[in-house]
Amino acid sequence: MKLSYKPYTLQLRHVFTVSSSSRVSTPIVLVEIEHEGIVGYGEASMPPYLGESVETVCRFLEKVDVKQFNDPFLVEDILSYVDSLSEADTAAKAAIDIALHDLVGKLLGVPLYKLLGLNPANAPCTSFTIGIDTPNKVAEKTKEADEYKILKLKLGSENDRELVEAVRSVTSKPLYVDANQGWTEKQAALDEIYWLSEQGALMVEQPMKKERIDDIAWLTQHSPIPIVADEGIKRLTDLLEYHGAYTGVNVKLMKSTGIREGLKMIHAAKSLKMKTMIGCMTETSCAISAASHLSLLTDYADLDGALLVTNDIYRGTTFKDGRVVLSGLPGIGLYI
Ligand code: MG
């Protein structure tokens, strides 16, 4: 097997603002693993707040020696070896995991969901994300998202209620709310959650800073709608440590080190009676297509990452009236 990679910059359609930061682009690294003339594609996406960069990802990939493995079907051995190379680097590890799953599916001539025994008829609707902006812009973006049945609204700024009202002036669609750790006081957060639930919010993601685990657990206990972890739960070990504080977990391949551990997290969360969500960063259709296979197992899907960029370079999983549509092609299902 041969590993190659190159950096790329995703340009965002709109300035993307969440409670902690704004940005106009996202650095990614595109990865390929080749075996006997067949190529598997993968990707690492590094939004700056997660601590990885083009430099750290390339430095990690430089260390990975896939040549020692002659058999790409030894997925457990290969990915355990990759994970053992460092503590962190979850996006870099995800890039290899995705490329390897793509390669294995292509070598067998079957889509990943078939390898995992999943039913494509269970495809959910994705939410479409509206970043923090002025109320007028938020109303405008809400109109642009007409095709999508569920909106994910970023909150945690000064004027949360104005933004919700701006959305509600345009549509009565259900909302997922993501506070990105932006709320600071638990009683005020709970009052806000009650109000949001009356406004049609179905759940709230990461209401407060992940370190404030007792306050989050209190919110979860008192909230009328599910409280879902994002920043607070990255990998399986975090899920096992913090599951009691949340109703659900947003699994993202860039946090979980990819499909292999993401799948374990979804199964673990289900056995802990938690709600499950599959999410994404801003990514090309490569990582989105990979994640879309796991959406066949989850309660919620937020797979709009490639829709928010202007220079996607792959085609794979698409959306029809907001619903996830897998391409049915082998591996993760990309058209090249
Ligand atoms: Mg989130």
Side-chain angles (χ1 to χ4, degrees), residues 10 12 14-23 26 45-52 90-91 94 124-133 138 141 145 148 150-157 160 163-164 167 174-184 189 192-193 196 201-213 216 219-220 223 225-235 238-239 242-243 245-256 262 265-266 269 274-283 287-288 291 294-295 298-309:
L10 288 177
L12 307 188
H14 295 287
V15 178
F16 189 61
T17 302
V18 300
S19 67
S20 57
S21 58
S22 280
R23 63 180 199 273
T26 303
S45 170
M46 297 86 70
Y49 67 93
L50 286 175
E52 281 177 86
T90 58
C125 283
T126 183
S127 53
F128 185 90
T129 303
I130 311 279
I132 292 174
D133 215 319
V138 163
K141 288 181 191 170
Y148 300 92
I150 306 161
L151 299 175
K152 179 167 168 178
L153 190 57
K154 295 287 192 182
L155 294 182
S157 68
D160 282 353
L163 301 188
V164 175
V167 171
L175 302 177
Y176 300 158
V177 164
D178 190 354
N180 285 107
Q181 316 188 77
W183 295 331
T184 52
E192 202 61 14
I193 292 168
L196 287 164
L202 301 183
M203 55 100 136
V204 171
E205 221 177 289
Q206 205 65 52
M208 301 179 78
K209 282 224 181 304
K210 62 178 197 271
E211 293 78 12
R212 296 196 36 198
I213 203 74
I216 294 170
L219 273 181
T220 295
S223 171
I225 51 177
I227 303 293
V228 175
D230 182 3
E231 289 87 340
I233 295 181
K234 289 184 173 169
R235 298 195 58 172
D238 304 318
L239 178 68
Y242 300 118
H243 68 88
Y246 298 93
T247 330
V249 58
N250 184 349
V251 173
K252 296 179 176 174
L253 300 185
M254 297 303 143
K255 298 189 297 178
S256 71
M265 289 178 73
I266 291 168
M274 293 175 81
K275 295 276 186 193
T276 54
M277 177 171 191
I278 185 82
C280 62
M281 310 298 176
T282 36
E283 296 164 356
I288 295 295
L294 299 188
S295 79
T298 58
D299 299 298
Y300 314 111
D302 179 40
L303 295 176
D304 62 351
L307 303 169
L308 306 175
V309 307

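Whatever order the structure lists them in is the order used to number ligands and atoms, beginning at 1. The residues of the chain are indexed from 1 along the displayed sequence. Bear in mind the structure is a predicted one, so any value in this text is a computation, not a measurement.
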Discussion item. If the test is salt bridge (Lys or Arg N to Asp or Glu O under 4.0 Å), which one of K252, K152, K154 qualifies with D302?
Written reply: K152

Discussion item. Under a plain distance cut-off of 3.5 Å, with no hydrogens placed, do T26 and T282 share a side-chain donor-acceptor pair?
Written reply: yes

Discussion item. Looking only at N, O or S atoms, which one in D230 sits nearest to the Mg ion (ligand 1)?
Written reply: OD2

Fill in: Spatial distance of atom OG (S127) from atom OH (Y300) [nearest 0.5 Å]
11.0 Å

Worksheet item: Ion pair present between D230 and K255, side-chain N to carboxylate O less than 4.0 angstrom?
Response: yes

Worksheet, complete the sentence: The OE2(E205)-the Mg ion (ligand 1)-OD2(D178) angle, to 10°, is 90°

Worksheet entry | the Mg ion (ligand 1) contact by E231, N, O or S atom under 2.8 Å | no

